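Working notes, beginning with the structure itself.
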Amino acid sequence: IMQIGFIGVGVMGEPMCRNLVTKSGHLVRVFDANPEPVARLVELGAAPADSVATVATSSDVVFLSLPGGPEVQAVGTEVISELTSGTTIIDTSTSPVDVTRELSTQAAARGITWLDAPIARTRAAAEAGTLAVMIGGPQDAVKDIRPLIGCYATDISYCGEVGCGQIAKVMNNMVLFQNVVALGEAMTIAKRAGMEPGRLLEVIATGSGDSFALHNHATKAMLPGDFPLRAFSTDYARKDLSYALALAATGEVETPGADVAKTLLDAASEAGLGEEYWPTILNIIDHELG
């Protein structure tokens with residue numbers, strides 16, 4: 001039986017880990033600074049760990065689900081120092097490409113495989129085990145761990161060498177953020193011109209403006225004005241977009257569309273909406289709601 005470690009069981013990590021515990025058939029050892037989700041997972045059959053080192057020294061495969069680059073850098077470095085040769089680290093966080101590649105190099109020097117496997121879709125998809133995953137790394141290693149990722153994902157895309165999973169993820173989110181900006185503008189314009197925004201969305205859904213963002217972000221959050229806490233927050237969206245814009249700068253690409261999304265996300269955070277589900281940028285576009 002394989003020994004699996006899982007570090008970071010927050011909003012997305014907990015349901016992902018739960019699916020591994022209940023579906024993989026392997027022992028899953030869990031660590032998080034917050035004991036509450038760990039306790040819930042232990043009730044389902046996971047083993048608790050008292051530190052990152054405890055997870056790493058007793059695992060064949062370690063999953064990371066962390067807030068961002070600084071945490072991945074710190075925890076990843078510690079895990080690499082504790083793992084033995086022949087083991088694998090799967091980073092499901094959204095991390096900067098340069099950090100990912102640097103950690104992969106550190107891991108390889110110790111005979112450890114680093115895979116970047118960030119996730120897309122919602123917490124509900126994490127609960128249902130229907131996430132999308134974009135993977136970067138050696139193809140043979142990806143083949144070996146696909147069954148584990150299949151415990152929490154239905155769409156698994158191989159993107160290329162290490163770092164390409166992260167490239168795909170932040171580009172996906174950059175496109176999504178711009179799509180939601182366009183929907184927010186359209187809903188606000190239509191409302192002020194005398195058309196019900198809900199009716200507008202129904203009509204756009206029959207035309208070439210249809211999208212995932214319309215059916216999920218616009219219909220389920222923006223239309224009812226429901227921007228809960230403990231969802232993918234404005235501040236997390238800003239972080240992901242900052243990684244995309246850093247990549248753009250490295251490639252000397254101008255990003256006028258993404259810059260607009262950044263301006264709105266920044267404004268939402270400054271307005272005290274940083275913890276709310278990020279489509280709350282509608283409140284900035286339609287300031288009457290603010």
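For clarity, every value in this text was computed on a predicted model and none was experimentally measured.
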Once rounded to the nearest 0.5 Å, what's the spacing between atom [atom1] of [X] and atom [atom2] of [Y]?
{"X": "Tyr152", "Y": "Ser65", "atom1": "OH", "atom2": "OG", "answer": "8.5 Å"}
{"X": "Ile119", "Y": "Met16", "atom1": "CD1", "atom2": "CE", "answer": "4.5 Å"}
{"X": "Arg101", "Y": "Leu103", "atom1": "CZ", "atom2": "CG", "answer": "12.5 Å"}
{"X": "Glu202", "Y": "Thr206", "atom1": "CD", "atom2": "OG1", "answer": "9.5 Å"}
{"X": "Leu247", "Y": "Met174", "atom1": "CG", "atom2": "CE", "answer": "9.5 Å"}

Is it true that [X] and [Y] have a side-chain N and a carboxylate O under 4.0 angstrom from each other?
{"X": "Glu43", "Y": "Arg40", "answer": "no"}
{"X": "Glu127", "Y": "Arg18", "answer": "yes"}
{"X": "Lys220", "Y": "Asp226", "answer": "no"}
{"X": "Asp116", "Y": "Lys169", "answer": "no"}
{"X": "Arg192", "Y": "Asp286", "answer": "yes"}

Side chains of [X] and [Y]: closer than 4.5 Å at any heavy-atom pair?
{"X": "Phe6", "Y": "Leu20", "answer": "yes"}
{"X": "Thr100", "Y": "Trp114", "answer": "yes"}
{"X": "Met187", "Y": "Met222", "answer": "yes"}
{"X": "Leu264", "Y": "Ile285", "answer": "yes"}
{"X": "Ile4", "Y": "Phe63", "answer": "yes"}
{"X": "Ile149", "Y": "Arg146", "answer": "no"}
{"X": "Val30", "Y": "Val28", "answer": "yes"}
{"X": "Val75", "Y": "Leu66", "answer": "yes"}

Under 4.5 Å between side-chain heavy atoms, counting indirect links through other Ile/Leu/Val/Met/Phe/Trp/Tyr residues: same cluster for [X] and [Y] or not?
{"X": "Leu282", "Y": "Met195", "answer": "yes"}
{"X": "Val11", "Y": "Val133", "answer": "yes"}
{"X": "Leu183", "Y": "Leu176", "answer": "yes"}
{"X": "Ile80", "Y": "Ile90", "answer": "no"}
{"X": "Val175", "Y": "Leu241", "answer": "no"}

Residue pair [X] / [Y]: nearest heavy atoms and the distance that separates them:
{"X": "Ile1", "Y": "Gly25", "value": "CD1-O, 3.1 Å"}
{"X": "Ala49", "Y": "Val55", "value": "CB-CG2, 3.5 Å"}
{"X": "Tyr277", "Y": "Phe232", "value": "CD1-O, 3.2 Å"}
{"X": "Met12", "Y": "Arg123", "value": "SD-CA, 3.6 Å"}
{"X": "Ala218", "Y": "Pro224", "value": "O-CD, 4.4 Å"}
{"X": "Glu78", "Y": "Ala53", "value": "OE2-N, 3.8 Å"}

Would you say the side chains of [X] and [Y] form a donor-acceptor pair under 3.5 Å?
{"X": "Ser58", "Y": "Arg29", "value": "yes"}
{"X": "Thr87", "Y": "Thr84", "value": "no"}
{"X": "Asp91", "Y": "Ser95", "value": "yes"}
{"X": "Thr280", "Y": "Asn283", "value": "yes"}
{"X": "His217", "Y": "Asn179", "value": "no"}
{"X": "Asp235", "Y": "Ser269", "value": "yes"}

**OP:** I would like to know whether Glu275 and Arg230 meet salt bridge (charged side-chain N to carboxylate O under 4.0 Å, His left out); could you show each step before the answer?
**Re:** CA-CA 8 Å; Glu275 295 294 314; Arg230 285 191 59 76; over 6 Å; no

Under a 3.5 Å distance rule, please check whether [X] uses its side chain to pair with a backbone N or O of [Y] as donor and acceptor.
{"X": "Ser233", "Y": "Glu276", "value": "no"}
{"X": "Thr154", "Y": "Gly150", "value": "no"}
{"X": "Thr255", "Y": "Ala258", "value": "no"}
{"X": "Thr92", "Y": "Leu64", "value": "yes"}
{"X": "Arg238", "Y": "Lys262", "value": "no"}
{"X": "Gln166", "Y": "Ser93", "value": "yes"}
{"X": "Thr250", "Y": "Ala246", "value": "yes"}

Original post:
Under 6.0 Å between ring centres, would you say that holds for Phe177 and Trp278?
Top reply: yes

Subject >> Residue list, side-chain contact (heavy atoms from CB on, under 4.5 Å) with Thr219, at least two apart or on another chain >> reply: Leu201, Leu214

Original post:
Residues two or more places apart in sequence or in another chain: which of them pass side-chain contact (heavy atoms from CB on, under 4.5 Å) with Pro96?
Top reply: Asp98, Val99, Tyr243

Original post:
Would Asn216 and Arg121 count as a side-chain contact (heavy atoms from CB on, under 4.5 Å) if you check the C-alpha gap in whole Å, the side-chain angles of each, and the deciding distance to 0.1 Å?
Top reply: CA-CA 10 Å; Asn216 289 274; Arg121 299 185 180 148; over 6 Å; no

